[in-house]
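This report concerns only the one structure given below.
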Amino acid sequence: MSVIFPIASYRSIKYFQDLFGKLRRRPVTPAPQVPLLGRLDLSGSSKDSNLGEDGLVAEISASVAIGNRLYTISSGGSNLVSISDWSVPTSPRLLRQLDLSGFDTTSVATFGNLIAIAATPDNYAASGTPTPVSQIRFYSINLAGTVKEVGVVNTGFLTDSILFSADGRQLYAANEGSPNDDYSVDPIGSVSIITISGKGRNLRFSEAEVTFPDLDDSSVDLLGSGIRFSGKTGVTTSFAQDAEPEYGSAAGGYLFVTLQENNTVARIDLATNQVEAYIGLGWVDYSQVSVDLDDKDGGFNPLTGQNVVGLRMADGIGAWEQGRNVYFVTANEGDAREYGSYVDEERNKKLGFADVPSQLKLIVNGNDRSQALVLSDNLGESNPTNDFVFEPAPQSPATRTGTPVSFGSRSLSLFDGITGELVWDSWMTDDIDGVEYNTSLQNIAQFAGLYDDGRSDDKGVEPESVVVFEYNSRFYAVGSLERTTAGAKTGTPPDPVTEGGLLAIYDVTDVNDVDFVTYQQVSRSPEGLEVIKASQSPTGRVLLGVSAEFDSNSVEYLDFGAIVNNGNGAAYLNSSFADPTIYATLPV
């Protein structure tokens, strides 16, 4: 569909704002000693008019720089969209909120002065009614921070993350297509590609939908390993229905989209708008690493030799082009399906596996929860979908022939975007200047005093999102850890809301020699990450924006140079937690 609205061209505005910024020569402020510049608490402005209760208003944020002003638009999980002024990062202020009553907003993206907001009808998951499609609502914002709606485009089912192309001519939307509450309907997942055209006061929006072919389609390459097909028998009959796109990232002429529950990244050729490859993300063998999988063992207690694997099941993704190569990093959260009576997770104490913590949540057949998903013995088969099989519950654990599978790998992973090859995982041994270290996410969180042992049996720190960007001629990957808390290491514990979250930063310039750089405490449950370029930043320096959900409901901006130099990395590497002779790691 196409819609036409008379507004000033946002590309023209961006051209003049960039030109104006260059002429102004915005002064660069000195590097701050403390990375955190400012924090805006939105918890007092989170009342959801749809439900009459507090909602989420800060899952995802995106900014607009106009002249000497920086505006941030935040959304996610409620009908409210918050617009805040960060022109002075140390003194942010909430300006106003848009009320999209009847809709839940899930994501926001910006380019120039154009704002895109993903909105899904709040009756999406209701049973007994046709599943409604989502919308992208486009707005323009002016120098005063006032917004005006300029277009509405229908997309697919349950739009999740959205992002603009580098030139702003397209918007990519991941339509998750989750089942309804009682799993009587399973809409297809898809990707909407919205093309923006026109000049002056006439912008046009046209939408094309990319659907997901079945795994045996000859037009699609199957790369990697561990591609998973699940779903409810009699309801989910195609891979398009089973696919639930979460995040997307574009690089090198491709759009990479995570299909979390399928343990897969779909590679879409943007020249043809066709899915050309499914990349299975594989798993981590927990028997080889020191990992805490038990929340009933008296605290942080990583062990090796635990006979279980963690399926990566990535949520966030960050792709980039480096020379002639294209890579992506995934945040391997893991995710169960729970819809009414359909549940595909079970605790091991009901499944009877040996050498596996009794409280660990494992993947089971949602139609028959006595059947556990296991890593099969048929690893020589060429089809990566055959790496996993469902095995009926045995009379004795000794009769099992496969290794049980848990949700998420508690790690960040780096893949070659063309071959699908795993290049690096944060469980691997980190060689820095000839010295070997353990720089796993759980050990970093424990050293920071933020590891939540109550989550050891349930996906651990839950890596949520990741961004990859260039800074001072180096490429950095920043991952957010959703499930950390404020358990004190020594002394006074951090504040559980304002300091209970964690970021982990790695240097990925040399993909064959990825190095841990540092970590940074942020507000609890960090979800969205955004990089503000120095040319758009009110400080003249690169900023990292963090949106935190749940009880934080906050937006904060940090100076990235100050994060790199915060000293946390050196302190961690000097600790016993970084010693791979104490805490086993995967070989490189």
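Note that the coordinates shown come from a computational prediction; the quantities given were computed from them, not determined experimentally. All residue numbers in this chain count up from 1 along the given sequence.
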For Arg541, is there an ion pair with Asp559 - N to carboxylate O distance below 4.0 angstrom? yes

Taking the six-membered ring for Trp and the single ring otherwise, decide whether the centroids of Phe560 and Tyr471 are under 6.0 Å apart. yes

Here the pair of heavy atoms bringing Thr484 nearest to Gly501 is OG1-CA, 3.4 Å

Residues Leu98, Tyr139; criterion side chain to side chain contact (heavy atoms under 4.5 Å, CB included); working and verdict: CA-CA 11 Å; Leu98 301 178; Tyr139 297 81; 4.1 Å; yes

Please find the pair of heavy atoms, one from Ile196 and one from Gly168, that lie closest to each other, and give the distance. CD1-O, 3.8 Å

Can you tell me if Tyr71 uses its side chain to pair, donor with acceptor, with the backbone of Leu143 under 3.5 Å? yes

Residues forming a ring pair (Phe, Tyr, Trp, His ring centres under 6.0 Å) with Trp427, sequence neighbours excluded: none

With a 4.5 Å heavy-atom cut-off, do Tyr476 and Val508 have their side chains touching? no

I'd like to know if the side chain of Gln274 reaches the main chain of Ile268, judged simply by a donor and an acceptor atom lying under 3.5 Å from each other, with no hydrogens or angles considered. no

Applying side chain to side chain donor-acceptor pair (under 3.5 Å), run through Ser523 and Ser552 and close with a yes or a no. CA-CA 6 Å; Ser523 292; Ser552 295; 4.8 Å; no

Please assess Phe205 against Phe138 for the test ring pair (Phe, Tyr, Trp, His ring centres under 6.0 Å), listing each intermediate value before the final yes or no. CA-CA 10 Å; Phe205 305 87; Phe138 290 95; 4.4 Å; yes

Correct closest heavy-atom pair for Pro89 and Thr539 would be CG-CG2, 4.0 Å

Look up atom OG in Ser409 and atom CG in Leu311, then write down how far apart they are to the nearest 0.5 Å. 8.5 Å

Does some side-chain heavy atom of Asp430 sit less than 4.5 Å from a side-chain heavy atom of Leu573? no

With sequence neighbours left out, what residues match Tyr286 under ring pair (Phe, Tyr, Trp, His ring centres under 6.0 Å)? none

Approximate separation, where rounding is to 0.5 Å, of Leu223 CG and Leu281 CG: 11.0 Å

Check: Ser440 and Gln446 side chains under 4.5 Å, non-hydrogen atoms: no

Side-chain donor or acceptor of Ser465 paired with backbone N/O of Glu527 under 3.5 Å: yes

With no hydrogens and no angle check, is any side-chain donor or acceptor of Gln322 less than 3.5 Å from a backbone partner on Thr509? yes

side-chain hydrogen bond (donor to acceptor under 3.5 Å, both in side chains) partner of Arg455, chosen from Glu482, Gln442, Glu462: Glu462

Sub-3.5 Å donor-acceptor pair from the side chain of Ser426 to the main-chain atoms of Ser411, do we have one? no

Let's go through Arg483 and Asp452 carefully: what are the C-alpha distance in whole Å and the side-chain angles of both, what is the deciding distance for salt bridge (charged side-chain N to carboxylate O under 4.0 Å, His left out) to 0.1 Å, and is it a yes or a no? CA-CA 7 Å; Arg483 296 289 186 172; Asp452 185 354; over 6 Å; no

Passing option when Arg312 is tested against Asn263, Thr258, Asp425, Thr264 for side-chain hydrogen bond (donor to acceptor under 3.5 Å, both in side chains): Asp425

When you measure from the side chain of Asn142 to the backbone of Thr146, do you find a donor-acceptor pair of N or O atoms at a distance under 3.5 Å? yes

Which atom names give the shortest non-hydrogen contact between Ile60 and Ser107, and what distance separates them? CG2-OG, 3.9 Å

Start with the C-alpha gap between Asn68 and Ser87, add the side-chain angles, then the distance that decides, and say whether side chain to side chain donor-acceptor pair (under 3.5 Å) holds. CA-CA 7 Å; Asn68 61 351; Ser87 303; 5.9 Å; no

Indicate, with yes or no, if the rings of Phe516 and Tyr572 have centres closer together than 6.0 Å. yes

Please name the residue in the list Ile532, Ile505, Leu503, Val522 that meets the side chain to side chain contact (heavy atoms under 4.5 Å, CB included) test with Leu544. Leu503

May I ask you to decide if Thr518's main-chain N or O and Asn568's side chain share a donor-acceptor pair within less than 3.5 Å? no

Under a 4.0 Å N-O cut-off, is there an ion pair linking Glu333 with Lys459? no

Test side chain to side chain donor-acceptor pair (under 3.5 Å) applied to Ser63 and Glu530, step by step: CA-CA 8 Å; Ser63 64; Glu530 183 196 15; 2.8 Å; yes

Could you label the plane-to-plane angle of the Tyr519 and Phe447 rings as parallel, tilted or perpendicular, counting under 30° as parallel and over 60° as perpendicular? perpendicular

Quick check: do Val466 and Thr330 have side-chain heavy atoms less than 4.5 Å from each other? no

Partner residues of Trp86 under the side chain to side chain donor-acceptor pair (under 3.5 Å) criterion, sequence neighbours left out: Ser84

Side-chain donor or acceptor of Asn443 paired with backbone N/O of Thr439 under 3.5 Å: no

So CZ of Arg169 and OG1 of Thr195: to nearest 0.5 Å the spacing works out to 10.5 Å

Main-chain N/O of Gln288 paired with Thr304 side-chain donor or acceptor, under 3.5 Å: no

Working to the nearest 0.5 angstrom, can you tell me the gap between Ser61 OG and Ile73 CD1? 8.5 Å

Looking at every non-hydrogen atom in both residues, tell me the closest pair between Asn332 and Ala314 and how far apart they are. OD1-CB, 3.7 Å

In the structure I gave you, are the side-chain heavy atoms of Asp335 and Asp315 within less than 4.5 Å of one another anywhere? no

Testing the basics here: between Asp431 and Asp515, what is the closest heavy-atom pair and its distance to 0.1 Å? O-OD1, 3.2 Å

If we only count heavy atoms from C-beta on, is the Ser45 to Gln97 side-chain gap below 4.5 Å? yes

Ring pair (Phe, Tyr, Trp, His ring centres under 6.0 Å) with Tyr583: which residues, sequence neighbours excluded? Phe577

Using 0.5 Å steps for rounding, measure from the CD atom of Gln521 to the CG atom of Leu502. 7.0 Å

Could you pull out all residues at least two apart from Ser43 that satisfy side chain to side chain donor-acceptor pair (under 3.5 Å)? Asp41

Would you mind reporting whether Asn438 and Asp579 have side-chain heavy atoms less than 4.5 Å apart? no

Using the test side chain to side chain donor-acceptor pair (under 3.5 Å), find all partners of Tyr172 that sit at least two apart in sequence or belong to another chain. Gln170

With rounding to the nearest 0.5 Å, note down the distance linking CD in Gln260 to CE in Met313. 6.0 Å

Is Arg267 close enough and on-axis enough to Tyr254, meaning under 6.0 Å and within 45°, for cation-pi? yes

Main chain of Asp453, side chain of Ser456: is a donor-acceptor contact present, judged purely on distance under 3.5 Å? yes

Heavy-atom distance under 4.5 Å between the side chains of Thr585 and Met428, does that happen here? no

Are the ring centres of Trp424 and Tyr506 closer than 6.0 Å? yes

